[in-house]
Amino acid sequence: MRLESKVAVITGGSSGIGRESCLLFAQEGAKIVVADVNDDGGQETVDLVTQAGGQAVYVRADVSKAADCERMVTTAEQEFEQLDILFNNAGIMHGDDGDAVSTSEEIWERTLDINLRGVFLGCKYGIPALRRAGGGAIINTASFVAVMGAATPQIAYTASKGGVLAMTRELAVIHARENIRVNALCPGPLHTELLMNYLDTDEKKQRRLVHIPMGRFGQAREMAQAALFLASDESSFMTGSEFLVDGGITSAYVTPE
Ligand code: NAD
């Protein structure tokens with residue numbers, strides 16, 4: 001097993017990439033702290049993990065709140081004695097996030113609070129625990145929009161993910177000698193609730209799909225596989241990277257018919 005005797009905190013574990021990662025990491029031997037604000041979804045993830053023979057607990061944690069991030073880390077150490085893997089994955093894409101002119105300051109702040117401050121707070125409380133465990137792996141979910149402009153404007157989301165990517169590089173450099181690796185997972189457009197709710201008409205979906213060389217949205221499970229690689233010792237010489245798993249979208253200039 002690739003994560004035998006490891007303990008992972010996974011934020012946004014109630015749904016999408018987070019849930020699939022909880023299931024896959026547990027299957028590979030990790031004990032999981034599922035952190036989210038969706039209590040029903042979180043409990044469902046825990047049930048799915050335990051039904052498959054794994055170990056998991058749910059903790060309600062709004063990643064934009066310091067006390068909640070502290071609690072999710074304490075939960076890992078209290079329930080499972082240590083923290084080895086911190087997957088800062090929770091994020092939102094608000095339907096009213098548009099271009100610079102139309103986007104309100106309120107949407108800007110809410111998006112940055114969860115997507116960017118949330119990663120900072122996860123690290124603020126997670127890094128001391130990783131040090132106590134003798135090192136570990138941090139994975140921060142950024143996005144392909146951190147490296148290219150999105151065809152559908154979403155200024156706050158794009159800015160937040162750019163921040164996640166830049167912060168990941170600095171974290172990686174600063175903590176490299178502490179045996180803590182920090183990498184960003186940059187998914188392409190996925191068939192998860194987050195994007196499907198945002199691209200809520202066929203026309204909007206098509207506008208995004210046309211840019212993806214593979215001609216389809218990615219699946220949350222495919223991101224979990226990538227996160228597993230970043231969490232495991234198989235990526236032992238990788239830190240500070242932007243790990244693009246995007247169906248080729250960032251390589252495309254025009255997509256063939
Ligand atoms: P999702 O909506 O299925 O899951 C996101 C989870 O985060 C939900 O369970 C939600 O309840 C939780 N969450 C929201 N606000 C929170 C908060 N304040 N504190 C704790 N948890 C909170 O979406 P997903 O596609 O699985 O997204 C996961 C990550 O992947 C996000 O960071 C997202 O920005 C990123 N991402 C998604 C796509 C895509 O196309 N879906 C592409 C690139 C990056």
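Every number for a ligand or one of its atoms is a count from 1 in the order of the listing.
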> With nothing but distance in play, are any N or O atoms of N115 less than 3.5 Å from an N or O of ligand 1?
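The answer is no, given that N115 and ligand 1 share no N or O pair closer than 3.5 Å.
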> So is G188 touching ligand 1 or not, going by heavy atoms under 4.0 Å?
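G188: in contact with ligand 1 (<4.0 Å).
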> With a 3.5 Å distance limit and no angle check, can you tell me whether T239 reaches the backbone of V182 through a side-chain donor-acceptor pair?
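A pair under 3.5 Å: yes.
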> If the contact criterion is a heavy-atom separation under 4.0 Å, does A220 count as touching ligand 1?
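It does not, in that no heavy atom of A220 comes within the 4.0 Å cut-off of ligand 1.
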> Please check whether E193 reaches ligand 1 - meaning an N/O of the residue sits under 3.5 Å from an N/O of the ligand, judged on distance alone.
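For ligand 1, there is no N or O atom that lies under 3.5 Å from one belonging to E193.
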> Within ligand 1, which atoms have a heavy atom of I92 less than 4.0 Å away?
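That gives atoms 14 (C), 15 (N) of ligand 1.
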> Does atom CD (E178) have a neighbourhood of more than 12 heavy atoms from anything else shown, all under 6.0 Å?
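Atom CD in E178 is packed in, count exceeds 12.
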> Output yes when the distance from some N or O of ligand 1 to some N or O of I114 is under 3.5 Å, and no in every other case.
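Between I114 and ligand 1 (N or O atoms, distance only) the closest approach is not under 3.5 Å.
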> Before signing off on this row, confirm whether N89 and ligand 1 have an N or O atom pair separated by under 3.5 Å.
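The answer is yes, given that N89 and ligand 1 share an N or O pair closer than 3.5 Å.
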> Does G13 have a heavy atom less than 4.0 Å from any atom of ligand 1?
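No, that is not the case, since the closest heavy atom of the residue is not under 4.0 Å from the ligand.
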> Should the proximity of A90 to ligand 1, defined as any heavy atom under 4.0 Å, be assigned to the side chain, the backbone, both, or neither?
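For A90, backbone and side-chain atoms both sit under 4.0 Å from ligand 1.
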> Using heavy atoms and a 4.0 Å limit, tell me yes or no: is P189 in contact with ligand 1?
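P189: in contact with ligand 1 (<4.0 Å).
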